[in-house]
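As structure tokens, the structure follows; a few thoughts come after it.
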Amino acid sequence: MKKYVENAGSCIITKSILNGETKFRWLFREEPLNNIDTGWMAFGDSDNDDYVNNPKNLTVVDLNTLTKFNKKSPTSISRG
């Protein structure tokens, strides 16, 4: 995987995106919990409340992983 931002930190992503079951659609940011967490959370186009409220359906990945699913502007992701 190409690293667009070194030491970018981590984000939460639904396993449905990671497994290719849904398309990356929503990106939200909350207050980071620590210096590794960026606060970003990515959701798929068909992820519903029941799905995202089940912790088993979420995983932590390097922020650069999001560029794999967002083909429009991978260089626009930066640590804020």
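Small disclaimer: the values here were computed from a predicted structure and weren't measured. Quick note: numbers below take in every heavy atom, side chains included, and nothing from hydrogens, waters or symmetry partners.
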Spell out, yes or no, whether Leu63 and Phe24 are grouped together once hydrophobic residues are joined by side-chain heavy atoms under 4.5 Å, including indirect joins. yes
Apart from Leu33 itself, residues in the same hydrophobic cluster as defined by side-chain heavy atoms under 4.5 Å: none
For Leu66 and Leu27, what are the C-alpha separation, side-chain angles and deciding distance, and is it a side chain to side chain contact (heavy atoms under 4.5 Å, CB included)? CA-CA 10 Å; Leu66 290 182; Leu27 186 63; 3.9 Å; yes
Does the side chain to side chain contact (heavy atoms under 4.5 Å, CB included) test come out yes or no for Ile13 and Thr59, once each step is laid out? CA-CA 6 Å; Ile13 187 172; Thr59 190; 3.7 Å; yes
Greater than 12 external heavy atoms within 6.0 Å of Glu30's CD: no
Got a sec, which residues hit ring-ring contact (aromatic ring centres under 6.0 Å, His included) with Phe43, two or more places apart in sequence or on another chain? Phe28
Quick check: is Val60 connected to Met41 through a chain of hydrophobic side chains (ILVMFWY, heavy atoms under 4.5 Å apart)? yes
Just verifying a value: how many Å separate Asn64 CG and Ser10 OG, rounded to the nearest 0.5 Å? 11.5 Å
Distance, nearest 0.5 Å, that separates CG of Asn53 from CG of Asp47: 11.0 Å
Nearest heavy-atom contact between Asp62 and Ala8 is OD1-CB, 4.4 Å
In this structure, would Val61 and Trp40 fall into the same cluster of hydrophobic residues linked by side-chain contacts under 4.5 Å? yes
Please round to the nearest 0.5 Å and tell me the distance separating atom CG of Asn48 and atom OG1 of Thr22. 11.0 Å
dist Ile36:CD1 -> Cys11:SG (nearest 0.5 Å) comes out at 13.0 Å
Here the gap from Asp45 atom CG to Trp26 atom CH2, rounded to the nearest 0.5 Å, amounts to 9.5 Å
Path from Ile12 to Val52 over hydrophobic side-chain contacts below 4.5 Å: yes
Audit row: Asn57, Thr14, side chain to side chain contact (heavy atoms under 4.5 Å, CB included) steps and yes/no: CA-CA 6 Å; Asn57 295 326; Thr14 61; 5.8 Å; no
